[in-house]
2 protein chains.
Amino acid sequence: MKPAYRPPVTVHQIARHLGVSAATVSSVLAHRHVERRIAPATVERIRAAAQSLGYIPNMAGRRLRAHRTATRQIDLAILTSFEAPLPLVGQALHALQRAVEVQSTADTRYAVAIEMFHAGRIREKTGLLDADRYHGVILTNTLPEDDRFLAEAALPYPAVILGRRIPGRCCVLEAPEFVGRRSAEILIDAGCRAPAVIHGRLLTHTTADRLAAFRHTLRERTGREPTVLVSEGLQPRHAAAAFEQHWARGGRVDGLFTVTDSLAIGAYRVFRDLGVRIPADVAVVGVGDYELAEFFAPPLTTVAGANEAMVAEAVPLLFRLLRGETVPPEVLVVPPVFLRESTRRHRPTAIGATKPAYPKRRSKRRER
Amino acid sequence: MKPAYRPPVTVHQIARHLGVSAATVSSVLAHRHVERRIAPATVERIRAAAQSLGYIPNMAGRRLRAHRTATRQIDLAILTSFEAPLPLVGQALHALQRAVEVQSTADTRYAVAIEMFHAGRIREKTGLLDADRYHGVILTNTLPEDDRFLAEAALPYPAVILGRRIPGRCCVLEAPEFVGRRSAEILIDAGCRAPAVIHGRLLTHTTADRLAAFRHTLRERTGREPTVLVSEGLQPRHAAAAFEQHWARGGRVDGLFTVTDSLAIGAYRVFRDLGVRIPADVAVVGVGDYELAEFFAPPLTTVAGANEAMVAEAVPLLFRLLRGETVPPEVLVVPPVFLRESTRRHRPTAIGATKPAYPKRRSKRRER
DNA sequence: GCAACAAGCTAAATGGATTTAGCTGGCGCA
DNA sequence: TGCGCCAGCTAAATCCATTTAGCTTGTTGC
């Protein structure tokens, strides 16, 4: 099944195979054959051999030798899960790239890689603990399973952890409980009496905290439990499916907190299809990591959007770690809150959860 | 100004500095000092020296030596511009990561890097032509300026080019003219008589083609020129600003083609604010690269969404190039077309461009 | 008093590609 | 014949970190 290990093909092997020297082979493969005056016939033979033997250059060897300019290459990486929303990864990438652009000099260049693992299964990621991969990483979107592994495992490179406390590591987090608490308060203030929260099946440290704080605050302030909807994934369609199911079972809500943005998009679609008006019938609070929230119809109130801020903190911390400086073990980011139309105060029309509580579409708003 | 070149600090320098051997230094810095029985005092001295001299390990050296497992590292990269929409980059990244996950074996590992340049200024990107960086790249989101540079420059690694024909390179493109033509046809069929198109100030080969084909088709089929709106960037707010300006000047349209998705988001917001109904007053056709189009209110008709399909073509091509196989110089992708509510057929209410042609909000739809 | 052993270190080899200096054989020319 | 020169190649050094085998001391056990 598994193919037998075959040692890599090197220029020396090609050289031996053809009865020429490694220097000649190297010259040809590096496209230096003209200035080195290699005979065209030899060039052809070497090219053919490289192709047929399946030669793949060893970049480590190349880099080690090539020392004209930009010798030093600093390898950075963003470690994230396949399941994480791409925009979040994109923001981190963008921030890191911008920093790298500034830091680059004639004799130091940077490479920013992305490394992806399956959520909850970071321990199965091979090569993660190799010391010869990266100078530093930003690690994000881990599940509790992953966190447990990371707490034990000794990552052999500096790392900044996003959204999770890991002992002995530099961590950047959303201020705990803030998002969940504020979103609950906003919904309560908007007059909601039967709010719900929707989250994906997989909870990161951050989303779990949001959920818990939302629940806690609601209980504390109103004595009630929120309806908790669990969607299969984080895509809009997952949220839509979860909500449709809830609705079909006769479940009703008059407020909704979505722990990620993509879920809010799905919820909006469902509400629209069902003729449920925002905010007249349901107030919605989202997270705002996508920069799209204000373009929703109606514009979405958001209590977070901390990803960008967290990344902005994390990147300089990573560079400080690279320089060997000591950094604070923990940085908290307080997310900005944007009150928009989706939570404009209203008297909810839905109280119970049994009868279809919402009037048909187009009915006038109760208040503005 | 520019700091003088300082040769990199190596383990040998640290060793000389302290009067110990490089082997000892290496043992300590690789956290092997316990098993190698290095005296605690020595460990401390070495650590302090490494810190104070600013030691940065040379990964190339490390990788070259470390040959227990996964010796072969294949370095891949996605080259894209800072200005490109992140979701497009994210899709490419995701597709490449999935492929890499499958291709990885015990003795071959992959690293996927992202390299960003400023749109139109790829020639200023240092190290781009170094042969010691990547085994292969996917190159996307270039402007004509960049393309000109690339056509001359000899990239020293295999490359798959997205959305652009470059002689001698493997290119994956949207079927030419398709998107522009279909979007024009859809708007015409929806009854639009004064359609517009909006695009960013910077046009890639792909977006320029969309624009030209849209124009051409419209002229051919109706004898009219479209209104062309140019937005500063590709963000929703840019589109919103451009459209608001057009509106303030008394410009009116009854159909809109947005050459990228993010522009459609901004347009939707403006229409909503102005009380312009989609599709009753304006039909909108977008591109659908973001997977969000069906969640718009109303769901957006899209004529493209080819990025994902293009990436799906490009990734296997890249691996074939790595294996030294010959690949077709050009692969055309025909984007799927999704007809949704935003272009439901209607008789346009706007004909001229001077008087406010749209009735106030809430007026009944003319037809369905 | 000597073997055995441990602690603490070092010398040298290694990995792959590249480059520099230099070698060899054939040719033209005086 | 002999010199210079060129095309076409090769040997060896180099980049940096790591690891293996082994070398000194000093100590313990008998």
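Proteins get letters first, then strands, A, B, ... in listed order; numbering begins at 1 in each.
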[N] OP1/OP2 closer than 4.0 Å to side-chain N/O of [X]:
X: A:Arg62; N: C:dT18; result: yes
X: A:Arg32; N: C:dT19; result: yes
X: A:Arg65; N: D:dC15; result: no
X: B:Tyr55; N: D:dC16; result: no
X: A:Arg36; N: C:dT19; result: yes
X: B:Thr42; N: C:dC9; result: yes
X: A:Thr24; N: D:dT10; result: yes

When you measure from the side chain of [X] to the backbone N and O of [Y], does any donor-acceptor pair fall under 3.5 Å?
X: A:Arg164; Y: A:Cys171; result: no
X: A:Asp146; Y: A:Gly120; result: yes
X: B:Glu101; Y: A:Met116; result: no
X: A:Thr80; Y: A:Val89; result: no
X: B:Gln13; Y: B:Tyr55; result: no

Could you tell me how far apart [X] ([atom1]) and [N] ([atom2]) are, to the nearest whole angstrom?
X: B:His31; N: D:dT19; atom1: NE2; atom2: C1'; result: 17 Å
X: B:Arg37; N: D:dC23; atom1: CZ; atom2: C1'; result: 12 Å
X: B:Arg63; N: C:dA17; atom1: CZ; atom2: P; result: 15 Å
X: A:Gln73; N: D:dC15; atom1: CD; atom2: P; result: 19 Å
X: A:Arg133; N: D:dT18; atom1: CZ; atom2: P; result: 16 Å
X: B:His12; N: C:dA11; atom1: NE2; atom2: C1'; result: 11 Å
X: B:Ile38; N: D:dT24; atom1: CD1; atom2: P; result: 18 Å

Query raised in the report: Are the aromatic rings of A:His135 and A:Tyr157 close, with centres under 6.0 Å apart?
Result: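 Not close enough - the centres of the two rings lie 6.0 Å or further apart.
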
**Report entry** Aromatic ring proximity, centroids under 6.0 angstrom, A:Tyr110 and A:Phe319
**Finding:**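 Ring-ring flag for A:Phe319/A:Tyr110: true, centres closer than 6.0 Å.
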
**Report entry** DNA chain C contacts made by residues 15-23 of chain B, counting heavy atoms under 4.0 Å
**Finding:**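 DNA chain C contact set from residues 15-23 of chain B: B:Gly19, B:Val20, B:Ser21, B:Ala23.
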
Query raised in the report: How bent is the helix from C:dG1-D:dC30 to C:dA30-D:dT1, comparing axes over its five end pairs at each side, to the nearest 10°?
Result: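 The helix from C:dG1-D:dC30 to C:dA30-D:dT1 shows an end-to-end axis angle of 60°.
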
Query raised in the report: Base, sugar-phosphate, or nothing for B:Ser26, non-hydrogen atoms under 4.0 angstrom?
Result: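 The residue B:Ser26 makes base contact.
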
Requested in this report: State, with a plain yes or no, whether a side-chain heavy atom of B:Leu96 is found less than 4.5 Å away from one of B:Leu318.
Outcome: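 Yes; the side chains approach each other to less than 4.5 Å.
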
**Report entry** More than 12 heavy atoms of other groups within 6.0 Å of A:His94 NE2
**Finding:**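 Counting other residues, nucleotides and ligands, NE2 of A:His94 exceeds 12 neighbours.
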
